[in-house]
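Each chain gets a letter, A, B and so on, in the order the sequences are listed, and its residues count up from 1.
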Number of protein chains: 2
Amino acid sequence: MNPQPGSFPAAGHDHHACVRSALRGAERLCAEQGLRLTAIRRRVLELIWQSHRPSGAYEILEQLAGEGHRPSPPTVYRALEFLLAHGLVHRISSRNAFVGCSRPGQGHMAQIFICDRCSVAVELADGTLNRRIRRNADDLHFHIREQTVEIAGLCPACAGRANEG
Amino acid sequence: MNPQPGSFPAAGHDHHACVRSALRGAERLCAEQGLRLTAIRRRVLELIWQSHRPSGAYEILEQLAGEGHRPSPPTVYRALEFLLAHGLVHRISSRNAFVGCSRPGQGHMAQIFICDRCSVAVELADGTLNRRIRRNADDLHFHIREQTVEIAGLCPACAGRANEG
DNA sequence: AATGAAATGTTATCCTGTAACACACTTGGA
DNA sequence: TCCAAGTGTGTTACAGGATAACATTTCATT
Ligand SMILES: [Zn+2]
Ligand SMILES: [Zn+2]
Ligand SMILES: [Zn+2]
Ligand SMILES: [Zn+2]
């Protein structure tokens, strides 16, 4: 089952499918737009997709280091810059971290829900919400370039266990 | 004229009034809730309010240093922590900076518009938007603790000058 | 004064992100 | 084939943001 955008991933979902789907999506998008999904970029995207939790740049760096690459920060940040620029990942400002985008290539006005306990992040694209934001901006005569909507709290699974550990 | 929440501050507005109003509001809020608005906390709040642009923690630190205090980072961060905890300032995640809250003590589900060019930030409290977010959270069975809504772009004044320098 | 809690000082260190410059690889044309 | 020009990567060094851990002071209350 693919990552169902708009719901928290089920406990035992086939996550390999998430990764495969994300990589295939990236390949397709790059092919269509004449972009170069180089080895590093591909590998960084793959690492980010290893879970639904946002990854820090230095986490990615460490994982790459464990594979012989030993890249330096700029290398990783450049790959992230590319992935961000083409909508393949989202940056989570409130955590200084990056998460794979569930719907690449469809414009990116996402709101992202992040669990305080398990860190799983899920994105939602809500036209109504986006229109409301745009309308508020219009009232202020403000020209939107980019928006950040991040909601922190407890995912359903963790809310259930709220009183445990 | 006080800081009109919900609009960009006019070019020649009486900003001293903004500062006075913010400080008085903080004093009142602290008095009501039995909180201690110590010298540092008060001074940090005052420095943050010196403009409508979000200030970085280290900017504040430098300004304090120029006054003889020479505090260290934790001192400033603690003051900020206090001000955040009681809704006197907002943290702008997308900029690692802090801005004074225009309506302290009224719950804080603000969306904040920030100009890319002049950095002025304006907050808006939109019940409709907040309800929409809450509704999306409910659909996901997600329990909201905190939300971050930051919109970057051009304020009316800067949009007008878009083609100049 | 004595006590305990809250606030501040101090030091050292992490974590995040970028500037600047060198090198390599691709691509297209002379 | 050789030569740009453009893009991507390697490397070094550093800037900027935030916190851990512990010592000390301040404050309200007894
Ligand atoms: Zn998955
Ligand atoms: Zn969770
Ligand atoms: Zn003002
Ligand atoms: Zn502006």
Sugar-phosphate, base or nothing in reach of B/Arg41, heavy atoms under 4.0 Å: sugar-phosphate
Touch class at under 4.0 angstrom, heavy-atom based, for B/Arg91 against every strand present: sugar-phosphate
Taking only residues two or more places apart in sequence or in another chain, which ones pass side-chain hydrogen bond (donor to acceptor under 3.5 Å, both in side chains) with [X]?
X	answer
B/Glu146	none
B/Gln33	none
A/Glu27	A/Arg42
A/Glu46	A/Arg43

Using residues 133-143 of chain A as the side-chain source, report each donor-acceptor pair under 3.5 Å to any protein atom, sequence neighbours left out, with the distance given to one decimal.
| from | atom 1 | to | atom 2 | distance (Å) |
| --- | --- | --- | --- | --- |
| A/Asn136 | ND2 | B/Asp126 | OD2 | 2.8 |

Partners meeting side chain to side chain contact (heavy atoms under 4.5 Å, CB included) with B/Arg36 (sequence neighbours left out): B/Thr38, B/Arg41
Send over the distance from [X] [atom1] to [N] [atom2], rounded to a whole Å.
X	N	atom1	atom2	answer
A/Ile92	C/dG17	CD1	P	12 Å
A/Tyr77	C/dA19	OH	C1'	14 Å
B/Tyr58	C/dG17	OH	P	15 Å
B/Arg78	C/dA5	CZ	P	18 Å
B/Phe82	C/dT8	CZ	C1'	14 Å
B/Arg95	C/dT18	CZ	P	13 Å
B/Leu83	C/dA7	CG	P	12 Å

Members of residues 66-75 of chain A that approach DNA chain D, where some heavy atom sits under 4.0 Å away: A/Ser72, A/Pro74, A/Thr75
Of residues 22-39 of chain A, the positions that come close to DNA chain D - non-hydrogen atoms, cut-off under 4.0 Å: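 The answer is A/Arg36, A/Thr38.
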Start and end of the DNA chain D segment that chain B contacts, any atom under 4.0 Å from a heavy atom: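 Counting from the 5' end, contacts occupy D/dG17 to D/dC27.
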Flag side-chain contact, heavy atom, 4.5 Å: B/Cys155 against B/Phe113: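 No, side chains not in contact.
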Summary of side-chain hydrogen bond (donor to acceptor under 3.5 Å, both in side chains) pairs that have at least one residue in residues 71-83 of chain A, sequence neighbours excluded: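 Those involving residues 71-83 of chain A do not exist here.
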A/Arg28: salt bridge (charged side-chain N to carboxylate O under 4.0 Å, His left out) partners, not counting sequence neighbours: A/Glu32
Audit row: B/His13, B/His52, side-chain contact (heavy atoms from CB on, under 4.5 Å) steps and yes/no: CA-CA 12 Å; B/His13 80 283; B/His52 293 274; 3.2 Å; yes
Identify every side-chain donor-acceptor pair in residues 83-96 of chain B under 3.5 Å, counting partners at least two apart or on other chains, and give the distances.
| from | atom 1 | to | atom 2 | distance (Å) |
| --- | --- | --- | --- | --- |
| B/His86 | ND1 | B/Phe82 | O | 3.0 |
| B/His90 | NE2 | B/Glu123 | OE1 | 3.2 |
| B/His90 | NE2 | B/Glu123 | OE2 | 3.4 |
| B/Arg91 | NH2 | B/Asn96 | OD1 | 3.3 |
| B/Ser94 | OG | B/Glu150 | OE1 | 2.5 |
| B/Arg95 | NH2 | B/Asp116 | OD1 | 3.1 |

